[in-house]
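These notes concern the structure reproduced below.
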Amino acid sequence: MMLVKEFLVGVVGTNCYLATNSETKETLVIDPGDEASILKNYIKKNAFHPVAILLTHGHFDHCMAAEELASHYGIPVYVHELEKDTMENAAFNCSGMIGRKLVFHADHFMRGERDHLSLAGFEIDVMLTPGHTPGGVCFYIQSEGILFSGDTLFCESVGRTDFPGGSMAQIVRSIKEKLFLLPNDTKVLPGHNEWTSIGHEKQYNPFL
């Protein structure tokens with residue numbers, strides 16, 4: 001069973017998730033946007049064992065703490081290969097918004113429209129959902145009925161598309177043609193704001 005703990009981190013209030021296997025305490029760190037010390041303290045307090053960092057995309061507010069956590073725990077960072085330019089270019093990763101020019105790196109690059117990861121005892125479908133960024137992805141754990149949607153799908157909203165590489169047409173297509181094929185009771189854990197479900201968004205999302 002997956003235990004999910006949410007942290008609101010960083011200057012723009014990003015949802016970072018610790019997704020933990022209740023039996024083994026192996027943990028996935030999803031979108032650690034900042035405040036590594038808070039995450040490390042919680043992990044230590046609960047005797048969790050981080051095994052990987054998963055990034056839905058490469059904007060600064062989703063990965064600023066990734067390098068520190070990866071180094072501290074000796075674990076890899078995963079992102080889609082189409083996000084390499086976003087992460088390595090300060091103009092694309094939007095770090096200029098906080099007056100800094102930051103560059104980020106990853107260890108493993110996911111590929112294609114759909115990839116698959118087996119981590120922490122979970123089978124994870126990686127769904128390429130461009131629109132917010134060219135290589136933005138969502139992580140779907142079918143056994144848990146959970147979708148980590150990053151900045152693709154929000155509660156009654158969608159991710160911004162006015163950043164470099166963004167496209168409203170693409171993000172709407174990504175959601176309608178991929179995410180809306182998931183069961184209605186799938187829990188959607190977004191990069192910002194409150195949780196929702198696929199069924200709720202089908203009915204109430206004004207963008208879709």
Task: Within one Ile-Leu-Val-Met-Phe-Trp-Tyr cluster: Val103 and Val79, side-chain cutoff 4.5 Å - done: no
- [ ] Using salt bridge (charged side-chain N to carboxylate O under 4.0 Å, His left out) as the criterion, list what pairs up with Asp162, not counting sequence neighbours.
- [x] Arg160
Open item on the list: Side-chain heavy atoms under 4.5 Å apart, restricted to Ile/Leu/Val/Met/Phe/Trp/Tyr: what other residues fall into the cluster of Leu153, or is it alone?
Closed with: Met127, Tyr140, Leu147, Val158, Met168, Ile171, Val172, Ile175, Leu179, Phe180, Leu182, Val188, Ile198, Phe207, Leu208
TODO: Just grab all the side chain to side chain donor-acceptor pair (under 3.5 Å) pairs involving residues 164-177, residues at least two apart or on different chains.
DONE: none
Open item on the list: Running the 4.5 Å side-chain criterion over Ile, Leu, Val, Met, Phe, Trp and Tyr, what cluster does Val4 land in, apart from itself?
Closed with: Met2, Tyr17, Leu28, Ile30, Val51, Leu54, Tyr78, Leu82, Met110, Leu117, Leu119, Phe122, Ile124, Val126, Leu128, Val137, Phe139, Ile141, Ile146, Phe148, Leu189, Trp195
Task: Shortest non-hydrogen contact from Ala66 toward Ile53 - done: O-CD1, 3.4 Å
Open item on the list: Heavy-atom count check: over 12 atoms from other residues, nucleotides or ligands less than 6.0 Å from Gln142 CD?
Closed with: no
TODO: Answer yes if the ring centres of His62 and His132 are under 6.0 angstrom apart, and no otherwise.
DONE: no
Open item on the list: Starting from Leu8 and following side-chain heavy-atom contacts under 4.5 Å between hydrophobic residues (I, L, V, M, F, W, Y), which residues can be reached?
Closed with: none
Open item on the list: Let me confirm one number: the OG1-CG distance from Thr14 to Asn193, rounded to the nearest 0.5 Å.
Closed with: 10.0 Å
Open item on the list: Under 4.5 Å between side-chain heavy atoms, counting indirect links through other Ile/Leu/Val/Met/Phe/Trp/Tyr residues: same cluster for Phe92 and Phe163 or not?
Closed with: no
Task: Residues forming a side-chain contact (heavy atoms from CB on, under 4.5 Å) with Ala91, sequence neighbours excluded - done: Asn89
Task: Taking every non-hydrogen atom, the tightest pair across His108 and Pro76 - done: CD2-CB, 3.5 Å
Task: Any donor-acceptor N/O pair, Thr56 side chain to Gly150 backbone, under 3.5 Å - done: no
Task: Other cluster members, Met1 - Ile/Leu/Val/Met/Phe/Trp/Tyr, side-chain contacts below 4.5 Å - done: Leu3
Task: For Cys16 against Pro32, the heavy-atom pair lying closest together - done: SG-CA, 3.7 Å
Task: Pairing residues for Asp125 by the salt bridge (charged side-chain N to carboxylate O under 4.0 Å, His left out) criterion, not counting sequence neighbours - done: Arg114
Open item on the list: So Thr86 and His59, do their side chains get closer than 4.5 Å, heavy atoms only?
Closed with: yes
- [ ] Spell out, as yes or no, whether a donor-acceptor pair under 3.5 Å connects the side chain of Thr24 to the backbone of Glu26.
- [x] yes
- [ ] Determine yes or no for a side-chain-to-main-chain donor-acceptor pair under 3.5 angstrom, with Asn93 supplying the side chain and Met87 the backbone.
- [x] yes
Task: Side-chain (His192) to main-chain (Gly13) donor-acceptor, under 3.5 angstrom - done: yes
For residues 36-50, dump all side-chain donor-acceptor pairs below 3.5 Å to protein atoms at least two apart in sequence or in another chain.
{"unit_1": "Lys40", "atom_1": "NZ", "unit_2": "Glu68", "atom_2": "OE2", "d": "3.0"}
{"unit_1": "Asn41", "atom_1": "ND2", "unit_2": "Ser37", "atom_2": "O", "d": "3.2"}
{"unit_1": "Asn46", "atom_1": "ND2", "unit_2": "Tyr42", "atom_2": "O", "d": "2.8"}

Task: Donor-acceptor contact present, side-chain Glu35 to main-chain Gly10, <3.5 Å - done: yes
- [ ] Quick one: which residue pairs count as a salt bridge (charged side-chain N to carboxylate O under 4.0 Å, His left out) with a foot in residues 69-98, not counting sequence neighbours?
- [x] Glu81-Arg111, Lys84-Glu88
TODO: Would you mind listing every side chain to side chain donor-acceptor pair (under 3.5 Å) that reaches into residues 197-208, with sequence neighbours excluded?
DONE: Glu156-His200, Asn184-Lys202, Thr196-Glu201, Glu201-Asn205
- [ ] For Glu67, check side-chain hydrogen bond (donor to acceptor under 3.5 Å, both in side chains) against everything at least two apart and list the hits.
- [x] none
